Amino acid sequence: MDANLFDNLNTAQRQAVEVKDGPVLVIAGPGSGKTRVLTSRVAWLLEVRQVYPYRIMAVTFTNKAAREMRDRLNRMVGAARANDLMLGTFHSICARILRREAPLIGVDRDFTIYDADDQLNVVKAALSELNLDEKKYKPGAVHHAISTSKNELIWPEDYKPDTYFNEIVRRVYEKYNAILRANNALDFDDLLTEAVRLLRQNQTVRDRMQERYLHVLVDEFQDTNIAQYALINLIAGRHRNLFCVGDPDQSIYKWRGADYRNANRLSDDHPDLSVIALDQNYRSTQTILDSAMAVIRKNPNRRHIKLFTEHGQGAKVVVRELFNADEEAQYVVDTINELVSQQAAQAGDIAVMYRTNAQSRAIEDAFVRAGMPYKLVGATRFYARKEVKDVLAYLRIVNNPADSISLQRIVNVPPRGIGEKTFATLDEIARANGMTGLEVLKQGKLSGRSAKALGEFSTLWQQWVRLRDELNVGQLFDHVLNTSGYREFIQDGTEEGADRWANVQELRTVAEASGDAPLSDFLSDVALVSESDNLEETANAPVLLTLHAAKGLEFRCVFIVGMEDGILPHSRSFDDPEEMAEERRLLYVGITRAKERLYLLRAFRRGTYGPSEVTNPSRFLDDLPAGLLDGKSRKNAALQADVTRWKGSAAAPLSSYNLTTEFKAGDRVYHQKFGEGIVQRSIRQRDDEEVEVYFDDGKIKRLSAGISGLKKL
DNA sequence: CTTGCTACTCTTTTT
DNA sequence: GAGTAGCAAG
C-alpha cells in the first residue's frame with residue numbers, strides 16, 4: 001500500500017509528503033507536482049497515520065481540482081475513505097458549514113447565494129433606496145469597494161471612509177448587507193466572511209471545528225485572500241497542522257483580493273513553520289523553462305528560483321507576427337493541423353490561451369471555418385446565460401420566497417402585466433413589514449389594474465412552494481416550467497428560441513442528476529461551479545481558454561495569442577507596477593503550461609471595437625533571449641512575417657515602399673472619435689503609416705493613417 | 001404595460 | 001460592433 005502512495009514521487013517530494021506535523025509551507029515551482037504532493041499527503045495521513053477522513057480538510061482552488069483529487073484518492077485509499085473527507089473550494093466548504101449553522105448568522109437554511117450579477121442588482125437596489133445616482137456612483141465600482149472590504153474582513157461598522165466616495169461606499173455597504181439579509185441571501189464574499197465571523201464569535205462552534213480538524217491542507221496558497229487566511233488559521237488553531245502549497249510567482253488573482261504576502265504572514269504567525277522548496281520541473285522542456293524564467297526574473301521582490309528539468313532542450317519557442325486577429329487565428333488552426341498530421345501531438349493535447357475573453361471569438365471563427373471541433377472554457381458561461389439564470393430564479397423563489405432579487409428577475413418573464421411599478425409597490429410593502437413577497441401576495445393587499453395578474457402569479461407560486469418537498473428537483477423543474485408559461489415563452493419557433501430551449505434542457509439534466517437531494521443543495525452547487533468545470537476530458541479537441549483559467553492545467557502544445565502591449569500586458573496595468581508584475585506572472589503561468597511546444601503570436605493590427613489599429617509588440621517579448629526563439633523577439637519583428645499574407649490587405653504593393661509619410665510632426669489633424677490634435681510623429685509601417693497624435697483632451701493615440709480616417713486640417 | 005427605437009457604454013481576469 | 005439602458009409611442 002505504501003508503494004502505491006508514493007508512486008512516481010522523488011525523494012524531495014516524498015520528504016514533503018512525510019513532513020512532521022505542525023505548520024508547513026511548500027513553495028514549489030510550476031510543474032513540480034504540487035497537487036500530487038498534496039494529494040499524497042492526504043493519502044499518507046489516512047493510510048499510514050491512520051487519521052479518520054472526517055478529521056481532514058483539504059482546500060482546492062476549483063471544484064474541478066477537488067473532483068480530481070477525490071478521484072485520485074478513491075484509487076489510492078478507496079471510496080469509503082475518500083468520500084468522508086472535507087474536500088472542496090473555500091466557498092463550497094464555507095457554504096456547507098454555514099448551511100448547517102445558518103440560524104447563528106441570521107439567515108435560514110435555505111439561504112440563496114448571490115453571484116456577481118445578483119450582487120450588482122443588490123447594489124443598484126441599495127443606491128436607489130438611498131436616493132443616490134447610479135451615474136455618479138457606478139454600481140460596479142461601489143460593489144468592487146464593498147467586495148474588497150469583505151475580503152479584508154472589514155465590516156460596515158469598521159469601515160473608515162477616507163474620501164467622499166468611500167463615505168458613500170460605507171452607506172451603500174450597510175444598506176447592501178441589510179438587503180441581503182432581508183432576502184435571506186449571502187453573497188460570494190459573505191460565505192467567507194460570515195464563516196470567519198461565526199468562528200470568531202461563537203466559542204462552541206469554534207471549539208467543535210478546531211477539535212475536529214486535525215489536519216488542514218491548502219492548495220494554490222498564493223491566491224488566498226485575507227479572509228481565507230484568517231479562516232484556515234482559525235480552523236487549524238488548535239492542532240496547528242496547516243499544510244500549504246503554493247508558488248508566489250503564479251499569483252494572478254490580486255484583483256480578487258488574493259494576497260501573496262500571506263506567505264510572509266504564515267511565517268510571522270508561525271515561528272516554527274517548516275518551509276520546503278521544490279524546484280525540479282516534471283512538465284516542460286528546458287527551453288520552455290528558460291523562457292519562463294527569463295520573463296519572471298524581471299519582477300522585483302521575488303525569491304530567486306532556478307527551475308530545472310531532465311527533459312532536455314526541446315523545440316525552440318515559435319514567435320510570429322501575423323497581420324491581424326483573423327490571420328493570427330488562421331495561423332493557429334493551420335499549425336494545429338500540421339502538428340496533428342505530423343503526429344507531433346493529438347488535438348486534445350493543444351491549448352490556445354488569451355488574455356481577454358473577447359479574443360476567443362476570432363479563434364472560434366477560424367475553427368468553425370476549418371470545420372474543426374474545439375472546447376471553449378468560460379466566455380459566455382453557461383450559467384450566465386439569460387434563460388439559465390431565469391429558470392434558476394424561478395427555482396430560487398420557490399426555495400427561498402424572501403429572494404426579491406430573483407423575484408424581480410422573473411415576475412414579468414414571460415410578460416404577465418406585472419411591470420416595474422407594480423413590482424416596486426409589492427417590494428416596498430414587503431420591506432416595510434418584514435414580509436416575503438409571497439406573504440404579501442397571499443394577503444392580496446394590492447389592488448388596482450394589476451391585482452388580477454398578481455393573484456394568478458400568487459396562486460402559481462404558492463402551488464410551487466407546496467410541491468417543493470413532494471417532488472424531486474427534476475420533477476419540480478418540469479412542473480415550474482410548464483405552469484409558469486416560461487416554456488412557451490422560450491419556444492417561440494425561432495432558431496434562437498430552439499438554442500435557448502436546448503440550454504434549458506441541459507440545465508434540466510443537471511437538475512435531474514441531483515436525484516432526491518434537497519432543492520437548496522442543487523441551487524448551492526450550481527451557484528459555486530467554476531469556469532473550468534465544464535472541461536470534460538473526453539473530447540479530443542483543442543481547448544480555448546483564458547490565461548487565468550489555465551492555472552493548474554498542462555498541455556503538450558500551447559499557443560498564446562495577442563502578445564501585444566495593451567492586451568498582454570493589459571492596458572489597465574500600465575500605470576501600476578504591482579499590476580504590471582501580475583501581468584508578467586500571468587504570462588509566466590501561460591508559458592509554464594506547455595510541455596513541449598510553445599507559440600507566442602501577435603497581430604500587427606487589432607480592432608478592439610471600431611476600426612483596427614496598429615499595435616505594439618508586447619514588452620515581455622523583449623525579455624526572451626534570442627537563442628531560445630524561432631523568429632525575432634521584437635525588433636524588426638514585422639520582417640519575419642510571411643510576406644504573402646500581407647498582400648491585398650491594404651493600399652500599396654510592397655515595391656512601392658518608401659519612407660515618405662502623409663502626416664508630419666506638428667500637423668493639425670482631426671479624428672472622428674477623438675477630435676482635434678497635433679501629430680507627434682508619423683512612421684512608415686509596411687503598407688501603412690502609423691501616426692502618433694496628441695489630442696486636445698490630453699489623450700495620446702497611435703493611429704493608422706489608412707484606416708482611422710485621420711484628416712489634415 | 002409593452003414594444004420598438006435610439007444612444008451609449010463597454011472589455012480585463014472569476015470563486 | 002454589440003448588448004442594454006432609457007425613452008417615446010401605442
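Protein chains get the first letters and strands the later ones, always in sequence-line order, with residue 1 at the start of each. Since the structure is predicted, the reported quantities are computational estimates derived from the model, not experimental observations. Any value given below was found using the heavy atoms of this structure, including those in side chains, with hydrogens, waters and symmetry copies removed.
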Tell me whether the ring of A/W255 lies stacked over the B/dT13 base, given a 5.5 Å limit on centroids and a 30° limit on the plane angle.
yes
Is the phosphate of [N] approached by [X] (side-chain N or O, under 4.0 Å from OP1 or OP2)?
{"X": "A/N63", "N": "B/dT15", "result": "no"}
{"X": "A/N151", "N": "B/dT15", "result": "no"}
{"X": "A/S92", "N": "B/dT15", "result": "no"}

Does atom CZ (A/R261) have a neighbourhood of more than 12 heavy atoms from anything else shown, all under 6.0 Å?
no
By nearest heavy atom, map A/H548 and A/K138 onto DNA chain B; which one lands nearer the 5' end?
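The residue mapped nearer the 5' terminus is A/K138.
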Send over the distance from [X] [atom1] to [N] [atom2], rounded to a whole Å.
{"X": "A/N357", "N": "B/dT11", "atom1": "CG", "atom2": "P", "answer": "12 Å"}
{"X": "A/L586", "N": "B/dT13", "atom1": "CG", "atom2": "P", "answer": "11 Å"}
{"X": "A/D117", "N": "B/dT15", "atom1": "CG", "atom2": "P", "answer": "14 Å"}
{"X": "A/D365", "N": "C/dA2", "atom1": "CG", "atom2": "P", "answer": "11 Å"}
{"X": "A/K124", "N": "C/dT4", "atom1": "NZ", "atom2": "P", "answer": "10 Å"}
{"X": "A/K254", "N": "B/dT13", "atom1": "NZ", "atom2": "P", "answer": "17 Å"}

Taking side chain to side chain donor-acceptor pair (under 3.5 Å) as the test, write out the residues that go with A/Q250, two or more places apart.
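With sequence neighbours excluded, A/Q250 shows a side chain to side chain donor-acceptor pair (under 3.5 Å) to A/D247, A/R593, given in chain and number order.
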Partners of A/D115 by side chain to side chain donor-acceptor pair (under 3.5 Å), sequence neighbours excluded?
A/K389
For [X], all residues meeting salt bridge (Lys or Arg N to Asp or Glu O under 4.0 Å), sequence neighbours excluded:
{"X": "A/K124", "answer": "none"}
{"X": "A/D390", "answer": "A/R409"}
{"X": "A/R302", "answer": "A/D249"}

Just checking A/S573: base, sugar-phosphate only, or nothing, at a heavy-atom cut-off of under 4.0 Å?
nothing
May I ask you to say what A/E579 touches in the nucleic acid, namely base, sugar-phosphate or nothing, with a heavy-atom cut-off under 4.0 Å?
base
What N/O pairs connect the protein and nucleotides 2-8 of chain B at under 3.5 Å? Give each pair on its own line.
from	atom 1	to	atom 2	distance (Å)
B/dT2	OP1	A/N412	OD1	3.2
B/dT2	OP1	A/N412	ND2	3.1
B/dT2	OP1	A/G417	N	3.0
B/dT2	OP2	A/N412	ND2	2.9

Which distance, rounded to the nearest 0.5 Å, do you find between the CG of A/N184 and the CG of A/D403?
8.5 Å
From C-beta outward on A/T422, which listed nucleotide comes closest to its side chain: B/dC1, B/dT13, B/dT15?
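Of B/dC1, B/dT13, B/dT15, B/dC1 is nearest to the side chain of A/T422.
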Just compare B/dT11, B/dT15, C/dA2 and give me whichever is closest to any side-chain atom of A/R361.
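Among B/dT11, B/dT15, C/dA2, the one nearest the side chain of A/R361 is C/dA2.
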If I pick the C1' atom on C/dG6 and the same atom on B/dT11, what distance separates them, to the nearest angstrom?
22 Å
